Each structure stands twice: as structure tokens, then as C-alpha cells.
S.K.: 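The following block contains the structure, expressed as C-alpha cells.
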2 protein chains.
Amino acid sequence: MTDHKNPKTCQAWARLMRVSGKLLQDIEADLKAANLPPLGWYDVLLEVRNAEPKWLRPVDIQEKMLIQQYNISRLIERLVKEGLVIRKSCDCDKRGQYIVLEPAGNDILDKMWPIYKAAIDKHFGDKLNVAEIDSLTQILSKF
Amino acid sequence: MTDHKNPKTCQAWARLMRVSGKLLQDIEADLKAANLPPLGWYDVLLEVRNAEPKWLRPVDIQEKMLIQQYNISRLIERLVKEGLVIRKSCDCDKRGQYIVLEPAGNDILDKMWPIYKAAIDKHFGDKLNVAEIDSLTQILSKF
DNA sequence: AATGAATTGATGCATTTGCATCTAACTCGA
DNA sequence: TCGAGTTAGATGCAAATGCATCAATTCATT
């Protein structure tokens with residue numbers, strides 16, 4: 001890293017943190033205002049649905065979502081308690097388990113998406129033109 | 001928001017959340033590995049130092065950091081307990097208080113910065129060229 | 001086959017965050 | 001100047017997160 005680059009880097013970093021944090025707050029707030037669960041629930045349920053007909057294990061979801069093992073363990077615990085997914089024992093590895101989407105989980109996904117989509121557009125997409133969105137996507141792909 | 005734009009928007013959004021979350025995790029981990037406090041402490045202390053010789057009140061810091069009132073209240077509580085800042089009664093508004101940096105707080109800032117800076121470069125700056133950093137900064141300025 | 005290392009998932013405990021609400025102080029219009 | 005409405009900050013309680021560690025299994029090497 002050359003010296004002249006660092007000030008710009010730090011400014012970009014600070015701005016990235018501010019913007020992404022604020023966007024997350026605003027979008028979560030829209031979900032909450034609609035009496036819907038937090039984004040973490042959506043992410044897990046969507047991963048599970050997208051993987052179908054394959055079944056995912058907690059460790060798979062954890063890797064996709066880049067979160068800690070104990071966090072996915074407890075997140076799944078909450079989803080099971082709400083009847084959104086069930087645990088299914090895993091024949092090939094007796095330590096493991098499969099996480100299977102229940103109809104209620106599918107319904108929640110379908111209820112959340114319109115609100116989520118609208119919030120993404122309102123707080124994020126509407127502020128950028130197509131070129132900026134493409135450019136942002138390209139830059140973020142470097143990570 | 002036009003229909004053809006939305007899929008790109010959602011992809012950019014998803015990528016933004018993934019990347020910013022991961023970067024935050026990695027950089028916080030570097031601080032923790034060096035036995036240093038979390039980024040939130042740095043942000044508060046830096047706001048207080050940058051404002052000098054003016055004194056900030058909790059509500060000022062809260063607005064700059066875009067966090068909840070109860071979060072800044074408790075964050076300051078921790079900093080006071082560690083002797084990094086002190087509360088000073090505010091003559092012009094008896095509800096309020098000023099948050100004043102103590103020498104220990106200044107030291108912590110100076111200790112954290114080299115680690116923080118190196119982490120920003122390593123996890124963020126080094127992955128992008130100058131044009132990309134400029135472009136990212138410009139795009140984020142739209143928010 | 002045996003055993004040491006690695007992986008999967010859970011959990012007790014401490015810290016942090018979120019939510020609702022409180023008190024005290026300030027503001028502003030009648 | 002009075003009183004309603006607003007603002008600053010704190011806090012009790014519940015929920016979520018972080019940390020360390022555990023038990024059960026699987027893998028890999030000899």
C-alpha cells in the first residue's frame with residue numbers, strides 16, 4: 001500500500017461502514033414496521049429454499065452466511081421453535097443434521113420478500129443509477 | 001425503480017451486505033487479536049478528539065455515529081468506567097453533559113490507530129486500485 | 001484396528017443490544 | 001407565566017451475541 005493511497009482508502013472505508021450500517025438499520029426497520037422477522041431469518045430460510053432439493057446442514061448455512069457457528073446454532077433454534085424449519089437426522093454423518101424448510105417458513109419468505117424488495121429499492125436502489133450499481137457490484141466482487 | 005433494474009440492485013445489495021459485514025468482522029478480529037477494544041470505542045473517542053477544543057454531548061456523538069440513544073449512553077458508560085473519558089456538567093443545559101477525552105483515552109486512540117490502519121489496508125485497501133477506491137467513494141457519497 | 005486430530009453442533013455464562021419507559025429540563029405559544 | 005409538548009439522558013428487563021468449552025462423531029496416519 002503506497003502512502004498517498006491510504007487517506008483515500010480510509011475515507012472510502014469510513015464511508016462504506018457508515019452507509020452499509022445505515023442501510024441495514026433502515027431496511028431492518030421497514031421489516032419490523034411490517035411485523036416481520038429480522039433479515040437473519042430471511043437469509044437462513046432463503047439459503048435453505050435455494051438449496052432444494054438438496055438439504056443443507058447448519059455448517060453449510062454458516063459458511064454461506066459468513067457467521068459464527070454458535071450464531072447459526074441459535075438462529076436455527078429460533079426458527080425451529082417458530083415451526084419455520086425442522087431438523088432432520090443425517091444418515092451419512094451422525095454428528096450432523098439437515099435443516100428442512102417447513103410450509104410456514106416458505107410463507108414467511110413470501111411475506112417478507114415484497115417488503116424487503118421495496119426497502120432495498122427505496123433505501124438503496126433508488127439512490128443510484130444503473131451504471132453506479134454495475135460499478136459497485138464490480139468493485140465489491142474484488143473481495 | 002424500473003423492473004429491469006431491480007435484479008441488479010438486489011445483487012449489488014446482497015454483495016454490499018456480505019462484503020461490509022465480512023470486512024467488519026475481519027478488522028474487528030485484528031483489533032481483538034492485538035488486545036485492543038472494539039471499533040465502537042475508537043469511533044466515540046475519535047469523534048470526541050476531532051471536535052476539540054469544542055466539547056461534544058452524547059446526543060452529538062449519537063448523531064455523528066448514527067446509532068441509538070441507549071447505545072451511546074451505555075457505550076459512554078463503559079468508556080467512563082475505563083477512565084477514557086469523563087462527563088462534565090453542561091452549564092447551558094442542565095439535562096445535558098459534555099464528554100471530555102482523558103489522557104488514557106487519547107493513548108488508546110494512538111494505540112489503536114496503527115493496528116486499525118494496517119487492518120484497513122490489508123482487508124480493504126489492498127484489494128482495490130486507486131480508481132476503484134475513488135469510484136467507490138463517489139458512489140457511496142450518493143447516500 | 002488404534003489413536004490422536006479435526007469436525008459438527010450445543011450450551012453455560014458474561015456482555016451487549018433492543019425496547020419501553022422514566023425523570024428532569026427545556027421550549028414555545030397562549 | 002403557565003402548561004403542553006419536546007428533548008437529553010438513564011435504566012429495568014428481555015433477547016441476542018460473544019466466548020469458551022463440551023460431547024459425539026468422523027477422519028487420517030500408522
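Keep in mind it's a predicted model, so treat the numbers as computed, not measured. Sequence lines set the chain letters: A, B, ... in the order given, protein chains first and strands last, and positions in each chain run from 1.
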S.K.: Mind checking side-chain contact (heavy atoms from CB on, under 4.5 Å) for B:Ile115 and listing every partner two or more places apart, or none if nothing turns up?
M.R.: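 For B:Ile115, the residues satisfying side-chain contact (heavy atoms from CB on, under 4.5 Å) (neighbours in sequence not counted) are B:Leu31, B:Ala34, B:Leu36.
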S.K.: List the residues meeting side-chain contact (heavy atoms from CB on, under 4.5 Å) with B:Lys8, not counting sequence neighbours, and say none if there are none.
M.R.: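 side-chain contact (heavy atoms from CB on, under 4.5 Å) list for B:Lys8, sorted by chain: A:Val130, A:Ile133, A:Asp134.
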S.K.: Show every ring pair (Phe, Tyr, Trp, His ring centres under 6.0 Å) that has at least one partner inside residues 17-49 of chain B, sequence neighbours left out.
M.R.: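 Listed once each, the pairs are B:Tyr42-B:Tyr116.
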S.K.: What does nucleotides 6-16 of chain C look like as a protein-contact string, B for base, S for sugar-phosphate only, - for none, at under 4.0 angstrom between heavy atoms?
M.R.: -BSBBBBB--S
S.K.: Give, ordered by number, those residues of residues 42-54 of chain B having at least one heavy-atom distance below 4.0 Å to an atom of DNA chain D; if nothing qualifies, reply none.
M.R.: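 Residues of residues 42-54 of chain B under 4.0 Å from DNA chain D: none.
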S.K.: In residues 19-33 of chain A, what residues come within less than 4.0 Å of DNA chain C, judged by heavy atoms?
M.R.: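 Contacts with DNA chain C under 4.0 Å: A:Lys32.
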S.K.: Can you pull the side-chain hydrogen bond (donor to acceptor under 3.5 Å, both in side chains) pairs that have at least one residue in residues 102-114 of chain B, sequence neighbours excluded?
M.R.: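 Sorted pair list: B:Arg49-B:Asn106, B:Arg49-B:Asp110.
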S.K.: Show me, pair by pair, the donor-acceptor contacts under 3.5 angstrom made by side chains of residues 51-62 of chain B, not counting sequence neighbours?
M.R.:
from	atom 1	to	atom 2	distance (Å)
B:Arg57	NH1	B:Asp93	OD2	3.4
B:Asp60	OD2	B:Arg57	N	2.8

S.K.: Which side-chain hydrogen bond (donor to acceptor under 3.5 Å, both in side chains) pairs, counting each pair once, include a residue from residues 70-85 of chain B, with sequence neighbours left out?
M.R.: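 side-chain hydrogen bond (donor to acceptor under 3.5 Å, both in side chains) check on residues 70-85 of chain B returns no pairs.
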S.K.: Of all residues at least two apart in sequence or in a different chain, which pass the side-chain contact (heavy atoms from CB on, under 4.5 Å) check with B:Lys127?
M.R.: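 B:Lys127 satisfies side-chain contact (heavy atoms from CB on, under 4.5 Å) with A:Phe143 once adjacent residues are dropped.
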S.K.: Angle between the two end axes of the helix from C:dA1-D:dT30 to C:dA30-D:dT1, five base pairs per end, rounded to 10 degrees?
M.R.: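 Computed from the C1' atoms at both ends, the axes differ by 30°.
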S.K.: With a strict under 4.0 Å distance from non-hydrogen atoms of chain B, what nucleotide opens and what nucleotide closes the contacted stretch of DNA chain D, reading 5' to 3'?
M.R.: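 With heavy atoms of chain B under 4.0 Å away, the range is D:dT7 to D:dC19.
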